[in-house]
Trainee: 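Questions regarding the structure given below will be posed in turn.
Predicted, not measured: the structure shown is a model, and the values here were computed from it. By convention here, the first residue in the shown sequence is residue 1.
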Amino acid sequence: MNKELRDFLQTDLQFIKGVGPVLAARFEELLGGRRVLDFLLHAPRYVKPRGISESVIDAKPGEVITIPVRIESHKQGGVFRNGRRAPAQVICRDKLGANLTLQFFGTSFLEYWLEKLPIGEWRIISGKLEFNDRSGAVINHPDFIEKPEDHHKVPEYQAIYPISAGLTQKVMANARDAIFAKLQENNELLDALRKIHYAESNNDLVPNNANVALVAYSELLAHQVAIGLTRARRKRGIIGRSVAGNGSLREKLYASLPFKLTDAQNNAIEEIECDMTKSEPMMRLVQGDVGSGKTIVALAAALNAAECKLQTALMAPTDTLAQQHYAKIKPICDELGVVCEILTGRDKGTAQKDKLISIKSGRTKIVIGTHALFQDSVEYKDLALVIIDEQHRFGVAQRAALTTKGENPDLLALSATPIPRTLSMTIYGDMDISIIAQKPIGRMPIKTSTLPVSRIGALAARLRAQIDAGAKVFWVCPLVAESEESDFAAAETRFESLKKIFGPALGLVHGQMDKKQRDKVMVEFAATDGKIKLLVATSVIEVGIDVPSATIMIIENAEKFGLSALHQLRGRVGRGAVQSFCILLHGDDLTENGTKRLEVLRDTDDGFIIAEQDLMMRARENCWGKSNLAGSLIILWIIASIGIYSSWRSATL
């Protein structure tokens with residue numbers, strides 16, 4: 001790789017045409033980084049074909065069509081007797097004279113649409129076609145509205161990316177186009193990435209596609225090279241320091257806990273403390289199942305450093321998870337007289353300045369935050385321990401960036417994603433591993449059952465009674481909105497249907513919401529006296545959300561989730577001493593593997609057993625040939641699919 005290409009891959013996304021600093025910050029939240037390389041390794045989820053049709057006459061319900069239409073009239077939305085707002089409508093006619101109605105919900109004013117869709121003119125419309133008795137052919141909120149001369153703006157094949165708050169598919173496509181316009185160099189890997197980002201069918205994105213396999217292979221190869229370099233560096237005798245506190249703060253911590261630590265937690269703490277006393281910097285991963293108590297183990301390590309007047313930085317992958325750690329750890333630190341702060345991208349002005357001064361002076365002993373912790377403006381007086389939560393969400397270079405803030409500090413990584421031991425040796429070969437396989441004392445197994453989606457009405461009635469009795473409920477859907485061309489359950493649609501039953505007791509969160517609004521809803525749901533009792537959500541709640549009072553988890557279209565994701569979602573309940581339940585709602589067209597996944601979840605709550613089953617099932621599902629190379633690439637894809645971020649990020653090491 002030449003220097004010019006390497007430098008471009010490391011370029012901050014804010015310098016890409018059409019992005020800028022605001023969108024770059026949003027990309028950073030989505031990608032876990034803000035470099036061109038981070039974007040390139042964020043693959044589309046699926047492809048929507050958008051070939052042009054002549055008429056709606058032969059189109060099928062649910063089909064995504066692109067069609068030229070003439071604007072005939074406008075109809076302003078109103079309010080129905082039941083209080084719901086009728087959509088604004090634009091009546092159109094295609095080339096064969098068939099009617100098509102465009103509907104826009106949530107607005108009763110047509111000024112914008114009068115300008116965007118003027119009567120008498122032709123427009124190219126693209127979106128999901130529906131049919132109803134009242135309006136006939138309908139497209140709700142078209143994805144594209146373009147003038148005929150701008151028909152090229154509607155892609156024949158549209159790559160649909162996973163996105164988060166403040167980002168749209170159009171923003172993703174514009175950034176992609178700007179990046180690849182600069183990537184003129186031809187090599188095998190860049191060609192593969194180009195074909196993935198400009199996929200022309202969903203077959204271009206499946207694991208056994210040659211381009212996907214090549215990228216997976218390259219990611220793992222880069223990861224192994226990075227591990228090799230790290231090992232070599234450690235063998236050269238990198239000197240750290242011995243961190244051995246007097247135990248005063250830790251003893252107070254243990255005495256204040258309303259429970260006893262498990263043997264597995266005590267063993268992990270002993271292994272960590274032993275590492276920290278050595279002059280060689282610690283490189284240890286604590287791998288614990290959902291709810292196994294990793295946070296207390298990490299806090300014990302941080303207090304060991306604080307007893308020596310040294311600092312600890314705890315980095316979480318999202319603002320929400322960082323805030324949650326802070327809410328747990330801050331009160332404990334206050335009781336112990338240890339200064340604990342939080343630093344995220346939200347901090348601005350005087351508040352941010354005061355925090356930075358406290359960190360630089362050494363007054364702050366424990367600082368919790370996101371990737372903001374390793375920005376240039378953050379200086380530590382004496383950083384001795386770096387703790388990285390949800391280890392698999394960060395790349396090697398991101399780990400390294402934070403450790404450079406101190407003089408060879410100890411590194412402690414945490415992961416709630418159970419990974420089979422054989423894969424752990426490959427993925428985390430540069431680290432020692434502690435495993436917490438026990439649940440905290442007093443935790444009861446979550447009772448898991450399956451139920452057909454057709455029984456939702458009866459389930460909702462049962463939930464009404466449970467909520468009236470004080471229960472709190474998660475209801476998880478695979479998608480955010482119906483417009484995402486799928487028959488999977490959509491959170492927004494389910495929220496609207498359940499609102500008729502639960503009214504103000506219902507809340508909604510998903511990854512495309514504004515972060516402040518999302519956090520506000522989560523706080524209301526978690527509060528003891530909060531009015532929200534049932535939270536409809538996407539898998540945005542999969543990791544780190546801790547609401548001990550929640551005792552029921554509903555997962556709709558559970559067969560569409562992977563085993564590991566289902567286990568993580570189920571782990572959002574059962575975090576208190578009260579019996580908890582998980583109901584897996586499934587469709588009627590269950591495949592053999594879909595049935596097997598639900599059976600595994602129903603039969604065990606051991607994350608390590610589930611991880612082994614997940615590995616074997618994925619290998620069976622994706623094995624397309626008998627060659628050793630094919631088998632190897634399957635395993636590489638499995639590793640990538642577990643969530644290991646690209647180790648190309650180690651290129652800066």
Side-chain angles (χ1 to χ4, degrees), residues 18 47-160 163 166-174 177 479-486 490 492-493 495-496 512:
V47 172
K48 277 186 181 179
R50 293 189 180 275
I52 291 183
S53 305
E54 288 294 308
S55 175
V56 299
I57 293 174
D58 298 324
K60 299 176 182 178
E63 184 180 348
V64 175
I65 65 168
T66 302
I67 186 169
V69 295
R70 185 180 186 275
I71 314 305
E72 298 290 326
S73 64
H74 296 138
K75 183 179 179 181
Q76 185 162 308
V79 178
F80 291 135
R81 288 182 180 178
N82 62 7
R84 296 187 66 185
R85 187 178 295 280
Q89 294 182 327
V90 178
I91 313 303
C92 311
R93 196 179 298 275
D94 66 28
K95 288 182 178 180
L96 297 185
N99 284 342
L100 172 66
T101 300
L102 310 181
Q103 292 194 142
F104 302 92
F105 291 88
T107 177
S108 60
F109 301 101
L110 281 173
E111 287 85 352
Y112 175 78
W113 304 115
L114 284 168
E115 182 179 344
K116 185 83 172 175
L117 295 158
I119 294 173
E121 293 197 16
W122 286 83
R123 290 292 183 267
I124 306 294
I125 305 297
S126 186
K128 183 179 179 180
L129 185 67
E130 302 289 355
F131 289 90
N132 63 48
D133 295 336
R134 179 179 295 179
S135 303
V138 172
I139 292 179
N140 296 321
H141 292 277
D143 299 318
F144 291 89
I145 300 173
E146 302 292 347
K147 295 178 179 180
E149 59 267 29
D150 293 329
H151 65 88
H152 60 278
K153 293 183 179 179
V154 183
E156 187 175 358
Y157 303 98
Q158 183 189 12
I160 304 298
I163 57 175
L167 296 173
T168 65
Q169 295 300 335
K170 187 168 286 188
V171 168
M172 300 296 288
N174 289 342
D177 293 345
L479 300 176
V480 174
E482 282 187 333
S483 61
E484 296 184 56
E485 193 199 358
S486 174
E492 290 178 341
T493 303
F495 174 77
E496 289 299 327
Q512 295 177 35

Trainee: Test side-chain contact (heavy atoms from CB on, under 4.5 Å) on I139 and E130 and set out the steps.
Mentor: CA-CA 6 Å; I139 292 179; E130 302 289 355; over 6 Å; no
Trainee: How about R50 and T66: does a side-chain donor come under 3.5 Å of a side-chain acceptor?
Mentor: no
Trainee: Are D143 and K48 close enough for a salt bridge, meaning some N to O gap below 4.0 Å?
Mentor: yes
Trainee: Has D94 got a side-chain atom pairing as donor or acceptor with G97's backbone, closer than 3.5 angstrom?
Mentor: yes
Trainee: To the nearest 0.5 angstrom, please state how far the CG atom of L96 sits from the CZ atom of R93.
Mentor: 11.5 Å
Trainee: Quick check: closest heavy atoms across V47 and Y157, and the distance to 0.1 Å?
Mentor: CG1-CB, 3.9 Å
Trainee: Of the non-hydrogen atoms in P148 and W122, which two are nearest, and what is the gap between them?
Mentor: CD-O, 3.3 Å
Trainee: Calculate, to the nearest 0.5 Å, the distance between atoms CG and CD1 belonging to L129 and I67 respectively.
Mentor: 8.0 Å
Trainee: Any chance you could measure L102, atom CG, to H141, atom NE2, to the nearest 0.5 Å?
Mentor: 11.0 Å
Trainee: Check for a donor-acceptor pair, side chain of T101 on one end and backbone N or O of I91 on the other, with a separation under 3.5 Å.
Mentor: no
Trainee: From K75 NZ over to Q103 CD, what is the distance, rounded to the nearest 0.5 angstrom?
Mentor: 9.0 Å
Trainee: Which atom pair, heavy atoms only, marks the closest approach of L167 to I163?
Mentor: O-CD1, 3.4 Å
Trainee: Which atom names give the shortest non-hydrogen contact between L117 and I125, and what distance separates them?
Mentor: CD2-CD1, 4.1 Å
Trainee: Let me confirm one number: the CG-NZ distance from D150 to K153, rounded to the nearest 0.5 Å.
Mentor: 4.0 Å
Trainee: Atom CD in Q169, atom CD1 in I160: separation rounded to 0.5 Å?
Mentor: 4.5 Å
Trainee: So, does E63 use its side chain to make a donor-acceptor pair with the main chain of K60 at under 3.5 Å?
Mentor: yes
Trainee: Is a side-chain N or O of H151 found less than 3.5 angstrom from the main chain of I52, in a donor-acceptor match?
Mentor: no
Trainee: Looking at every heavy atom in both R123 and K116, which two are closest together, and how far apart are they?
Mentor: NE-O, 3.3 Å
Trainee: Between S53 and S55 (side chain of the first, backbone of the second, donor and acceptor by atom type, cut-off under 3.5 Å), is there such a pair?
Mentor: no
Trainee: Closest approach of F131 and P61, non-hydrogen atoms and distance?
Mentor: CD1-CG, 3.6 Å
Trainee: Test side-chain contact (heavy atoms from CB on, under 4.5 Å) on K147 and I124 and set out the steps.
Mentor: CA-CA 6 Å; K147 295 178 179 180; I124 306 294; over 6 Å; no
